There are 2 protein chains.
Amino acid sequence: MCMQLNPKYKTIFKEALEISSLKPTKQREHIFSLILNKKDHPTADEIFTRSRETMPSISLATVYNCLETLVESGLIRQVNFERESTRYCPNLKPHAHFHCKKTGAICDVDLPVSIFNSLKKHLPKNFQPEQIDINFNGSIHKTKNH
Amino acid sequence: MCMQLNPKYKTIFKEALEISSLKPTKQREHIFSLILNKKDHPTADEIFTRSRETMPSISLATVYNCLETLVESGLIRQVNFERESTRYCPNLKPHAHFHCKKTGAICDVDLPVSIFNSLKKHLPKNFQPEQIDINFNGSIHKTKNH
DNA sequence: AAGTGTAATTAGAATAATTCTAAATTAATT
DNA sequence: AATTAATTTAGAATTATTCTAATTACACTT
């Protein structure tokens with residue numbers, strides 16, 4: 001029983017793949033919907049485990065293949081922290097990531113586009129950026145509620 | 001024949017290690033000076049190869065160990081692009097990195113501290129960043145000189 | 001100078017994430 | 001239905017890095 005994308009995302013999904021002449025296969029849709037429906041930052045292996053719950057025949061290689069095509073199509077983003085496993089993120093708004101060294105938690109940090117523009121201004125004219133990754137490393141303190 | 005650090009860096013080197021009660025060994029100094037003297041962004045393996053030219057007995061594990069202690073001591077920085085080998089950077093000024101997808105070139109991009117401060121302002125109060133990594137991915141175009 | 005203890009180095013084995021390979025399956029097109 | 005190209009699959013291969021256990025180096029006592 002495969003996960004279903006809602007109609008809006010189904011269209012986005014199909015069109016994004018079509019642009020690169022890639023096929024909207026069951027496996028690709030399944031993985032895309034898994035990532036969309038649980039907005040965390042899973043690794044390929046976590047996605048593999050989740051996938052098998054509802055699509056037991058899927059292979060790890062396929063998970064890697066699908067993730068690659070989804071990234072290529074711009075439907076999801078890769079996030080890397082140091083040399084840890086690559087993680088995948090469905091948030092396509094301009095944002096950064098915060099990585100808590102103690103707990104391993106990863107949080108999206110929304111940023112105004114103006115920051116990205118201002119970063120670009122510091123590049124030499126012949127540097128053409130396609131992607132800007134901003135990663136914070138540190139710790140998240142407990143807030144006191146008393 | 002080991003590489004020699006100039007007196008200024010020798011002091012910085014010794015003091016930085018001492019703070020963490022680490023010893024200023026031949027190997028650590030050798031690797032530090034190699035990275036300082038050629039300001040690129042070498043991988044552990046490239047550093048290993050360079051090291052052996054003047055210190056043939058050094059092992060790859062030692063290179064990894066030394067790099068780890070140098071990073072811990074704040075003498076060098078790690079740079080990661082996607083899942084490529086970790087690279088090492090002697091530039092301790094606030095800066096970002098630009099990674100050219102075509103040629104693989106990696107360039108430092110100097111940034112004013114104000115940008116880092118402004119980034120920090122977008123974090124929730126209980127998020128305490130220790131390190132901010134900013135990576136541009138894209139391409140470097142040839143400039144026309146005519 | 002010899003002995004002791006701790007830290008660092010070393011070679012090689014082990015690990016783990018990812019990529020590759022080649023065969024089988026699926027989907028789209030004639 | 002036949003053809004073609006793309007995709008999926010299982011398992012092997014790769015590769016950067018870490019681990020392990022033995023050796024060596026060094027600082028500090030006797």
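For clarity, every value in this text was computed on a predicted model and none was experimentally measured. So you know, we letter chains A, B, ... as the sequences are listed, proteins then strands, and number each from 1.
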Sequence neighbours excluded, the answer for side chain to side chain donor-acceptor pair (under 3.5 Å) partners of A:Asn126 is none

Please go through B:Leu111's hydrophobic cluster and name the other residues, only I, L, V, M, F, W, Y counting, with side-chain heavy atoms under 4.5 Å joining them. A:Phe98, A:Val109, A:Leu111, A:Ile115, A:Phe116, A:Leu119, A:Leu123, A:Phe127, A:Ile132, A:Ile134, A:Phe136, A:Ile140, B:Phe98, B:Val109, B:Ile115, B:Phe116, B:Leu119, B:Leu123, B:Phe127, B:Ile132, B:Ile134, B:Phe136, B:Ile140

Would you say a side-chain N or O of A:Tyr64 is under 4.0 Å from OP1 or OP2 of C:dT18? yes

What residues join B:Leu92 in its hydrophobic cluster, counting side-chain heavy atom gaps under 4.5 Å, either direct or through other members? none

Given DNA chain C, 5'-ward residue of the pair B:Arg83 and B:Leu22, judged by closest heavy atom: B:Leu22

Mind checking what makes side chain to side chain donor-acceptor pair (under 3.5 Å) contact with A:Lys120, not counting sequence neighbours? none

Using a cut-off of under 3.5 Å, enumerate the N/O to N/O pairs linking the protein to nucleotides 9-11 of chain C.
{"unit_1": "C:dT9", "atom_1": "OP1", "unit_2": "B:Thr25", "atom_2": "OG1", "d": "2.6"}
{"unit_1": "C:dT9", "atom_1": "OP1", "unit_2": "B:Gln27", "atom_2": "OE1", "d": "3.3"}
{"unit_1": "C:dT9", "atom_1": "O3'", "unit_2": "B:Gln27", "atom_2": "NE2", "d": "3.1"}
{"unit_1": "C:dT10", "atom_1": "OP1", "unit_2": "B:Ser57", "atom_2": "O", "d": "3.2"}
{"unit_1": "C:dT10", "atom_1": "OP2", "unit_2": "B:Ser59", "atom_2": "N", "d": "3.3"}
{"unit_1": "C:dT10", "atom_1": "OP2", "unit_2": "B:Thr62", "atom_2": "OG1", "d": "2.5"}

Start and end of chain A contact along DNA chain D [non-hydrogen atoms, under 4.0 Å]: D:dA6 to D:dT17

In one Ile/Leu/Val/Met/Phe/Trp/Tyr side-chain cluster, 4.5 Å: A:Leu5, A:Ile31: yes

I'd like to check the side chain to side chain donor-acceptor pair (under 3.5 Å) partners of B:Asp133; sequence neighbours left out, ordered by chain and number. B:Gln131

Tell me: CZ of A:Arg87 to C1' of C:dT18, nearest whole Å? 15 Å

Consecutive-pair stems (at least three Watson-Crick or G-U pairs, under 3.5 Å) that include DNA chain D: C:1-30 with D:1-30

Interatomic distance, A:Leu17 CG vs C:dA28 C1' [rounded to whole Å]: 15 Å

Evaluate the ring planes of A:Phe32 and A:Tyr9, with Trp represented by its six-membered ring, and classify them as parallel (under 30°), tilted (30 to 60°) or perpendicular (over 60°). perpendicular

Rounded off to whole Å, could you give me the CD1-to-C1' distance for the A:Ile47 and C:dT18 pair? 14 Å

Between the main-chain N or O of A:Leu22 and the side-chain N or O of A:Ser20, is there a donor-acceptor pair closer than 3.5 Å? no

On DNA chain D, nearest-nucleotide positions of B:Lys23 versus B:Thr43: which is more 5'? B:Thr43

How is the hydrophobic cluster of A:Val113 composed, in terms of its other members, when Ile, Leu, Val, Met, Phe, Trp and Tyr link through side-chain heavy atoms under 4.5 Å apart, directly or indirectly? none

Which of residues 68-81 of chain A sit near DNA chain D, with a heavy atom under 4.0 Å from it? none

Partner set under ring-ring contact (aromatic ring centres under 6.0 Å, His included) for B:His41, not counting sequence neighbours: B:His97

Where B:Phe81 and B:His99 come nearest, the two heavy atoms and their spacing: CE2-CB, 3.2 Å

note: A:Asp45, atom CG; C:dT15, atom P; distance rounded to Å ~ 16 Å

Are any of the side-chain nitrogens in B:Glu29 or B:Lys10 under 4.0 Å away from the carboxylate oxygens of its partner? yes

Result block: side-chain N/O donor-acceptor pairs under 3.5 angstrom for residues 59-68 of chain B, not counting sequence neighbours:
{"unit_1": "B:Ser59", "atom_1": "OG", "unit_2": "B:Thr62", "atom_2": "N", "d": "3.2"}
{"unit_1": "B:Ser59", "atom_1": "OG", "unit_2": "B:Thr62", "atom_2": "OG1", "d": "3.0"}
{"unit_1": "B:Asn65", "atom_1": "ND2", "unit_2": "B:Ala61", "atom_2": "O", "d": "3.3"}

